[in-house]
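All values below were derived from every heavy atom in this structure, side-chain atoms included, with hydrogens, water molecules and symmetry-related copies excluded. Please read all numbers here as calculations on a predicted model, not as lab measurements.
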Amino acid sequence: ASGDGGNGGGDAGGDNTILVGTTDSVTHLDPAGSYDNGSLTLQTQVFPYLVNTAENSTEVVPDLAETAEFTGPNEYTVTLPEGLKWANGNDLTSSDVKFTFDRQLAIADPNGPSSLLFNLESVEAPDDTTVVFHLKSENDQTFPMVLTSFPGAIVDEESFAADAVTPDEDIVEANAFGGPYSITDYTFNELVELTPNENYQGLHEPAANDGVIINYYAESSNLKLAVQEGEVDVAYRSLSASDVADLSADENLAVHDGPGGEIRYIVFNFNTQPYGASTDEADPAKALAVRQAVASLIDREALSEDVYDGTYTPLYSYVPQGFAGAIEPLKDMYGDGDGGPSAEAAAQFLADAGIETPVPLALQYSPDHYGPSSADEYAMIEQQLEADGLFDVTLAGTEWVQYSDDRVNDVYPAYQLGWFPDYSDADNYLTPFFLQENFLVNHYDDQEVNDLILQQASTPDTAEREALIEQIQTLVAEDLSTVPYLQGAQVAVSAADVEGIVLDASFKLRMASLTR
Amino acid sequence: MSTVTDPAVEIRDLQITFATDGGDVRAVTGISLDVAPGEVLAIVGESGSGKTVTARSILGLLPETARVGGAVILNGTDVVGLSRERLRALRGPDAAMIFQEPMTALNPVYTVGWQISEGLRAHGDVSKKEARARAIEILGKVGIPDPETRIDHYPHQFSGGQKQRIVIAQALALNPSVIIADEPTTALDVTVQAEILDLLRRARSEFGTAIVLITHNMGVVADLADRVAVMYHGDIVETAPVRELFAAPQHEYTQRLLAAVPRLEVADRAYTGDPDAAPVVEAKGLEIEYPGRLGRKPFRAVGGVDFTIRPGEVLGLVGESGSGKTTIGRAMAGLAPVTGGSLRVLGTEMNGMREREFRKARRELGFVFQDPASSFNPMLTLADAIAEPLIVHGEASSPADARDRVDELLEAVQLPKAFGDRFPHELSGGQRQRASLARALALNPQLLIADEPTSALDVSVQARVLELFQELQERFGFACLFITHDLAVVDLLAHRVVVLHRGEIAEQGPTAQVLGDPQDDYTRRLIASLPVPDPVEQAARRAARA
Amino acid sequence: MADTATAAPETAASPAARKGARGGSSLWRYVLIRFLLIFPTIFILVTTVFLMMRVTGDPITAALGGQLTPAQLEERIEAAGYNRPLIVQYLEYIGQIFTGDFGTTIDGQPVVGVLLRYGGATLELAFYALIVAFVVGIPLGMLAAALRDRWGDAVLRVFAILCYATPVFFAGLILKLVFSVWLGVLPSSGRASPRVELQIGRIDNPTGIYTIDAIRTGNPAYLIDVLQHAIMPGIALGLLTAGVFLRLVRTNVIGTLAMPYIDAARSRGVSEYRLVRKHAYKPALIPIITVIGLQIAMLLGGAVLTETTFEWMGLGYQLSEYLKARDYVAVQGIVALLAVIVALTNFIVDIIAAFIDPRVRY
Amino acid sequence: MSKPSIWTRLPIVHQYRQSVGLQRGMLTAGLVICAIFVLAALLAPILAPYSYNQLSDGAGETFTPRQAPSAEHLWGTTIAGYDVFSRVLWGSRTAFLVIIVSVLMSMFLGILLGLISGYIGGWLDRVLVVIADAVYAFPSLLLAIVSAIIISRGQSGLWAGIFATAISITVVFIPQYFRVIRAETVRIKSEAFVEAAQVMGASTWRVMLRHVYRNATRTLPLVFTLNASEAILTLAGLGFLGFGIEPSAAAEWGYDLNRAIEDVTAGRWWTAVFPGVAIVLVVMGITLVGESLNDLADPRLRTRRRAAAATPADAVAATTPAARNEIGETE
Ligand SMILES: Nc1ncnc2c1ncn2[C@@H]1O[C@H](COP(=O)(O)OP(=O)(O)OP(=O)(O)O)[C@@H](O)[C@H]1O
Ligand SMILES: Nc1ncnc2c1ncn2[C@@H]1O[C@H](COP(=O)(O)OP(=O)(O)OP(=O)(O)O)[C@@H](O)[C@H]1O
Ligand SMILES: [Mg+2]
Ligand SMILES: [Mg+2]
């Protein structure tokens, strides 16, 4: 543990200090070295961002910046107010901003988010308050969104190393913070004490509480007991479904929920799935029918309720609900036409394609990466697929690392995946998945979809862009590269008297607004 | 000694039965005995006749599986059925015990002073200081030099003889009226044994303690005992003053026992073979070292030994414990490496020998081990075990194939054929040792190595095995290295004797010469320490020495 | 557990067997050689772990396999140097170790720092567990030996078996169910309440061993809080070892009670109580001490499960997390440390046994 | 050898006949528990009302998860909606298979290595001992985890899971068998009967197999029971940490306990208690048998029958109970 004990021991009993418990973990405090949610949650509290989304909105607005806008197709200009300071008293100028992005690209840490800055050509700081971003492709609508997420946290050039990830202790030691809080006590992945940063000026109000203590837990059941016993005031990410169900019955506690960006889907490998391109009886039409039958048989409602107690909700598209442009094409295209499963529809698809039933299908899931409920989830999916004798499922679980390796090497014909967005934009649910160079590598390749995705990303007009996004969703829903079925909800459980919990599509918990 | 006063111990119709897996074992079948104060009563008898059990019953030290009947009256109290607490009070002041193995009778992690004081403090209020002073005094009395310092030493810092002295001191410290000594000298060398016997004799005269002495060594009996009780199959068959018993044994078993006791008579046995024939074994400057563990210096067990064994000759190898007898025997069989000098066995040089070259010579070599029980694989029948050498050397393809030869061999060692189907544990010690001889002779070897083949056996059994051995040697004419610590046994068998002392040869020559006219000091001491199994002669010798 | 009990006679014999012809200076030579023997053990373990970890996959795939395209992954793996020939990586690693550099974890923590931070926690847990084991195991073991073959003995033995038949995590769950959920008298997880943790972390040079740190704050409330958190993990892990101790002590005391020198002491009228308490106990202790060394390895293994069950942020818990993340460097570092601890404990225990046994002292 | 004696020479029967009093009581209890365990493993398909991965009854009615024990679900249902009673029964089958496979494999390799190492000695022995000690010093559960990952490549099918677990347990146990057999071999090697065989010129293999092997393995029934119980504990530990067998492939107690963590914090005891008690009982049963065999084999620890009739000592003791209760009535 380090940090100056400046504000003494008084705050431990302080009335308005909020205790937050989480099962997330931090990999690195330095934004150049982390690309995960746990780190982001902490970084959001202590680093400034040029732009951000306001509460309950997905629109990008200036945060630290005074203005932020496209000043040319390839140029995004940000101006800073005068006289900004870091918590340690250093000046916060455009030079810090340039430093931040230059070092992200220079370090390109294997575990860092620098890949999100793929479109950034260079950063220029003509004067102390102006920053100009030069972009590779024109009108990149996702760029401002990127600035609100992982690589967007601005760091102090006097405290961070230009060419290496800076150790957490050094950052805390240098008090190199510029967000609503600075860290005054830091025990890696155990305990972090946040104290309001008086030098913070930005979108959000100054901290409404006297400070926050974040306590990291390993097991959700322990977090659950902790919030139940009053050991923490707020439990945020992640309580299991049954824990939430349990806690909601406790009158001393309040359960808060909001939209979640996390989705679950089944990926089909177009080469190795039944009738896939590299199988002996390759037949694209039959292969599609198989996917359609699966899409028709999945009972999302049952999965949502029975496995997840409603903490995950049915998902009928590729872009989850809550994002601009999200529609639900799968709802009426498959199943009973109203979101429910339909064995008749599935049988019809298979019969039309001339497929003999039951279709043997090898289905894979990862028992350890998406929580222990994956096993239950897939046990249920197996049952749903087999219930009417249309499929003969061979279910297997594989430990995550092996799984990651196998799935991109065409080992699994159909398999489970989940996704958590890098930034809050519909694009993040399309580009990584369906562009030709995608991370699924399931051999899905549709020129039209590819072109449309590129087009929407550079369409400045919001309505026009949303229309394109809708079109993409419909097209993919026809091809069924993947079958999405669940969307996570964000849940926080707090003591009944805690206020100011806002869970919105930014998927960030803003601790500055918490009070009790 | 006459019994005018009350006896120190009075045993009346004592019966002891053990519950075992195989049913009840009647170890003692109703015996009666008296020991007068200041008297030394020896109990003799073959192994398992109930000597130890009887002695232990005096102190109430029998295991829970034992059922005791009759009465054991110790200083007027019947020990049988006494409560633990009363028994505890009796143990020590009224009767004390000296055990056979001094090394195991002392707790290794406490100083000897503590252990002596412990007994004192168990009886009455003795302060630590007093107890210590008393312990020092008694240690001095039993002949431990410099008792003031030695009292704080641990048992392992004493020699075997000293340990036995300490055990005796522990017993004497409580000034008991009876000391029960269960084979107090069996684990000791003859020279040390002589000293301990002297000490016991002094304890009796100085403290007036009665002693119940259990032993199978008739020499010890002749040396120390006033009266002898002979036990046989859990019963006392004869009790008599010692001279009477030796002079005129009444019971048939006693007669047999006395007849079986080997005596040093310096028989004249000449080697009748060809003196110029190539020796079977020839050692020149033989050295054997055991490697030191973990980088410590190697330990030299045998250094610079010369001797030969000619065909058909029996060479007796004698010496104290640890003198290197076994080591030489094992080196001859290729079981211990020769590290210096030369040792030729059956034409093979054993220094730097390769097992493969020696394997052929092995059929000419037999080995008889000391402990007949452990030298047989418990999982094989006797026939299988005796057939092993035949199979190994290709004389037979299977135990069944070898059966005829096995039967012959069994006959040669005077065992019934049917014994071939028994497992080793189903035989008595003497029978096992016969079988061991049969196995060693299976291939008609030229050379036999016998490492104390009879020292685990009762005298009467020993006599029979030795007789058999002699007969077989004459019949088959093998050369033999006969290792023993008993000079009388050597006297019985060997053509020549080698006396070993601390890994070196003290003296060697024809048996009659070495035993009859020893030149070396050490040999003389060895012979002088050997108690003669004849009370009259032993008394004379003792008188002469004093 | 049970296997260590069977190993007991073997190890029990060894110090005594080793005494041989050892004199004063050779005892020190023994100590030295015994000490040098630690190194091959550690070397073998580190090498084994190095090779094993490389077979199980790399940390980049583990972290980002569900997010990046294969090309991007490949690039990052390349950048981290994980696709170089094994032998190169191995030599580099061994070289690093020799210079005292244990590397950094994938999340940039110096491994030495991880070891220091979490080592204290595991040490503390092991300490409490050993206390429970000693306090429960040894007296009850002696009692069982004294009551041999009576009902009390049977009950104690069944208790011992029960102790090591119960997996620590099950014991942990049951303790939690009863004391945290139903009775609500003990905290369910963690090493201290967050606020207390914050305070005791504030003292100068915290040791990371909360009990010590809490004492140093001088605030009894903190100490009580820390102790309350330690009760259940200590018991869950300690009972396991207590069962082993109980059985060991019983067997060894009974074995010692059968030695002739006990009979000899009995024949001198020493009371039965003193026989057990004095004459048999100390000789019986020597083999027990040797086995305690072996116990440490098991305790550390059990620590993984206990720490997981009770959120006890120690090395065991970190190890299983790093293992899941395929963080080679971290796993190698932790295993090397565990190996050192186990080897050192065994060494120390052997030496203690050699010194306690007067047969080898001079 | 006559007939009854062959029968009585069989390992467990022989010892059973030897045992008396409480020792027999403990052995009997252990044997009964083991018998129940084996029966449950063999008859699980008949005894269990549902299959290990059954989520709905015959009529297609889905089981309600987290149901308290009821007539329909004797021991309630799990968080995933499985029937606890059925899973516990089927779990015995998995445990049984893992024990058999792992113990057989580790016995074979451990015995072979132990014999060779102990008998041949020299450098080979020293190297093997150092390796075995190193592996032994490794926390066994961690070794099992790493081996499980390597062996099954993360797969979780029934046989893949069983073999992965069994092999990883094997890796952990080989050093133990190795140590036991090696120690026995070293002891037996210096016994006179082995030297007798050497002196008569028997080849190394002949001595090792005919003379050493059969005598060195006499303690194996005991080692077997000890390792069998550890196999169950390791299996459960692996399952608890999430490296075991998935529920759709087979029922496994450790996994079920892992999934019961949430239930415990919610006060739903039945999902944790039943599989947990199953583990404890089976391990206890096997250990009771093992320890009893151990005691019976060790003359110092074996209880012997007291002499039949009441002895005078007993009579006295009966009147002075304090004396009997005094500490340390041994032998
Ligand atoms: N604890 C015991 N349980 C069962 N039987 C026993 C026990 N102790 C002794 N015996 C039996 O009692 C008989 C007498 O034994 P004891 O030890 O007195 O013989 P001994 O004359 O001292 O023989 P040795 O000369 O060999 O010492 C033997 O048959 C022996 O097997
Ligand atoms: N394997 C061994 N390693 C080291 N030293 C040994 C070994 N075997 C024997 N010795 C030592 O060598 C010396 C001679 O032992 P050996 O067994 O030959 O004596 P011995 O004359 O046969 O004695 P005993 O009459 O007691 O049988 C002894 O000091 C003994 O301690
Ligand atoms: Mg005797
Ligand atoms: Mg000898």
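Here Leu323(C) is the residue among Val331(C), Leu323(C), Thr345(C) with the most heavy-atom pairs under 4.5 Å with chain D. Looking only at heavy-atom pairs under 4.5 Å with chain D, the residue among Leu177(C), Val253(C), Ile161(C), Val55(C) that has the most is Ile161(C). Annotation: maximal heavy-atom pairing with chain C below 4.5 Å, among Val277(D), Asp263(D), Val282(D), occurs at Val277(D). Options Thr166(C), Val168(C), Leu173(C) differ in how many heavy-atom pairs under 4.5 Å they form with chain D, and the most are formed by Leu173(C).
Looking at Val49(C), the atoms closer than 4.5 Å to chain D (heavy atoms on both sides) all sit in the side chain, from C-beta outward. Val273(D) touches chain C through backbone and side chain together, each having a heavy atom under 4.5 Å away. Of the atoms belonging to Ile286(D), not a single heavy atom falls under 4.5 Å from chain C. At a 4.5 Å heavy-atom cutoff, the contact between Leu288(D) and chain C is made by backbone and side-chain atoms alike. At a 4.5 Å heavy-atom cutoff, the contact between Leu162(C) and chain D is made by backbone and side-chain atoms alike. With a 4.5 Å cut-off on non-hydrogen atoms, Ile44(C) touches chain D through its side chain but not through its backbone. With a 4.5 angstrom heavy-atom cutoff, Arg326(C) touches chain D only via side-chain atoms. Of the atoms belonging to Met26(D), it is side-chain heavy atoms, and not backbone ones, that fall under 4.5 Å from chain C.
What you find for Gly237(D) and Leu305(C) is that their closest heavy atoms are O-CD2, 4.2 Å. Shown here for Lys176(C) and Val264(D), the closest heavy-atom pair between the two residues is CB-CG1, 4.4 Å. When all heavy atoms of Val158(C) and Met284(D) are compared, the closest pair comes out as CG1-CE, 3.6 Å. Across Pro40(C) and Val130(D), no two heavy atoms sit closer than the pair CB-CG1, 4.0 Å.
Counting heavy atoms from C-beta on, the side chains of Ile279(D) and Pro167(C) come closer than 4.5 Å.
Atom CZ of Phe179(C) is surrounded by 12 or fewer heavy atoms from other residues, nucleotides or ligands within 6.0 Å.
Between the CZ atom of Phe170(C) and the CG atom of Leu233(D) there is a distance of 12.0 Å, given to the nearest 0.5 Å. The distance from the CZ atom of Arg157(C) to the OG1 atom of Thr287(D) is 11.5 Å, given to the nearest 0.5 Å. To the nearest 0.5 Å, atom CZ of residue Phe169(C) and atom CG of residue Asn258(D) are 9.0 Å apart.
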List the steps, then state whether side chain to side chain contact (heavy atoms under 4.5 Å, CB included) holds for Thr309(C) with Phe240(D).
CA-CA 10 Å; Thr309(C) 315; Phe240(D) 184 76; 4.0 Å; yes
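Partners of Ile33(D) according to the side-chain contact (heavy atoms from CB on, under 4.5 Å) rule, which considers only residues two or more places apart in sequence or in another chain, are Leu281(D).
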